[in-house]
Amino acid sequence: MQSLDDFARAKLEALEARSLKRTLRPTRRLDGVWVEREGRRLLSFSCNDYLNLSHHPAVKAAAQRAVETYGAGAAASRLVTGDHPLMAELEARLARFKGTEAACVFGSGYAANTGIIPTFVGEGDLVLVDELAHACIWTGARLSGARVLTFRHNDVAHLAELLSQARAASRRALVATDGVFSMDGDLAPLDALSEVCRRHDAWLLNDDAHGLGTLAGGRGSVAMFAGADVPLQMGTLSKALGSFGGYVCASAPVIELIKTRARPLVYATGLPPASAAAALAALEIVEADPELCERPLAKARAFAGLAELPPPQSPIVPVVLGSAEAALAAQQRLEVEGFLVVAIRPPTVPAGAARLRLAFTAAHPDAEVERLAGLVASLIRESRP
Ligand SMILES: *Cc1c(COP(=O)(O)O)cnc(C)c1O
C-alpha cells in the first residue's frame, strides 16, 4: 500500500532528524558479560543478566533437559493445555521466596503488567503511577480504562495529595511503581508508599524487575524496607534469573482472580517449559547464594566511586548527558574502547535526559570496571559547558 509506506517513511525521517530512530543491531552474547557485535568482542554493561545466570551451566542444563523431555513450546494457553506442571512448581517456589500465599507466571514481565492492572481496576476507578515508571505499567494503566494520574517521581506527599483529592470519587484505586527504577537505578520508598496506600485504601503494585536477585541478598526491593506492605509484587524471570517470563506474587484470592481474568494469561500461549525450568534452576542459585546477589551492587558502587558519581542504590548507574546526540556519541566512544554501553534516549527517558545506562553484573572484571570509570569520568568532564 502506497499510503502505508509513505506514512512509515515520513515518520522514520522525522525520527532520524531528531536522532531518535532506533535500529536493531545483531549482537551475539558469548557468556554472561562478553558480546560480539560486527566481529568485535565487547564487554557489555547493557545486559540485565545481573548474576550472569543466562549462561550458568546448571541453568542451561535445566533448559536443555526440559526441551528434550517436554518439547520446545507450550502449545496452548495455560488455561487450555499449556499449564505444564513446571509452572506450578515455579509459582510455589516464587511465592515461598517472596513470602506470599501464591504466585502467577506470565509470558513476560511486560505482559504481566498489562494483565494485572486491568484485572483490578477499570472504568470508575483510579490508577496512580510514578512519572518514571516502566512503559508496561503505563500500558496496563491505560488499557484498564481507569482514570490515570501521575505522581512526581518518588514524591510520597504528592501521591497523598492526589489520593486526598481523587480517591473518594473512585470505587477502587491502585498505585503502581517500579521498585528499582529501570533507567535511574534508584529505589521507590516502599514503606512510605505502602503507608499512604493503607490510609487511602489503595492497592500498591511494585514492579521488581531489577530488584529480584540484586537487593537484600536477592530477595528484592520490598525486603529493603521494614514495614513495607505490598499486596501486588510483580517481577520478571528475564533479568537476574537469566531466563524469560514474568510473575506476580500475592495472596491466594488475588492470584486466583488473575488466573481467571488477566488477558495475557487467558489469551496467550503459556511460557515454554524450558523457560520455567531455567528460572527454577536460577532461583535455586539465588536462594543458596546471597553473597553472589550482593556482587552487582558492589561493582556498581566501586565504579561510581572511581567515576565520582553519587553512590548507587542498585546495580544500575545512569550517566545523564542531555541530548540524544551526546549520548549516542558517548556510546560510540566507549564502543571504540571495547565497551558496550547503549545510549538511552527519549521517550524511554524524559526529553533532555538522554544518558548512558550502565548495568553491573557479578562477573564484570574489576580491572575493566576501573578502565571504564576513567573513560566515563572524562566523558562527564567534557560534557560540562
Ligand atoms: C524489563 C522490565 C519489564 C519487562 O519485563 P520483561 O520480562 O522483559 O518483559 C517490566 N518492568 C520493568 C521495570 C523492567 O525494567
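Whatever order the structure lists ligands and atoms in, that order sets their numbers, starting from 1.
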Test side-chain hydrogen bond (donor to acceptor under 3.5 Å, both in side chains) on Arg29 and Ser54; report intermediate values, then the result. CA-CA 10 Å; Arg29 298 187 67 231; Ser54 71; 2.9 Å; yes
Show the numbers, then the answer: is there a side-chain hydrogen bond (donor to acceptor under 3.5 Å, both in side chains) between Ser221 and Asp208? CA-CA 6 Å; Ser221 55; Asp208 206 23; 2.6 Å; yes
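Environment of CZ in Arg28: sparse, with no more than 12 heavy atoms of neighbouring residues, nucleotides or ligands closer than 6.0 Å.
Cluster note: Ile258 groups with Leu79, Phe106, Ile116, Ile117, Phe120, Val121, Val127, Val129, Ile137, Trp138, Val148, Leu174, Trp203, Leu205, Leu232, Met234, Val248, Val254, Ile255, Leu257, Leu265, Val266, Tyr267 through ILVMFWY side-chain heavy atoms spaced under 4.5 Å, whether in direct contact or through intervening members.
Looking only at atom types and distance, the side chain of Asn113 has no donor-acceptor partner in the side chain of Thr139 under 3.5 Å away.
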Considering only N or O atoms, set out every pair between ligand 1 and the protein closer than 3.5 Å, with distances to one decimal place.
unit_1   : atom_1 : unit_2 : atom_2 : d
ligand 1 : 7 (O)  : Gly109 : N      : 2.9
ligand 1 : 7 (O)  : Thr236 : OG1    : 2.6
ligand 1 : 7 (O)  : Ser238 : OG     : 2.8
ligand 1 : 9 (O)  : Gly109 : N      : 3.1
ligand 1 : 9 (O)  : Tyr110 : N      : 2.9
ligand 1 : 11 (N) : Asp207 : OD1    : 3.3
ligand 1 : 11 (N) : Asp207 : OD2    : 2.5
ligand 1 : 15 (O) : His210 : NE2    : 2.6
ligand 1 : 15 (O) : Lys239 : NZ     : 2.6

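Ring centroid separation for the pair Phe181 and His153 comes in under the 6.0 Å cut-off.
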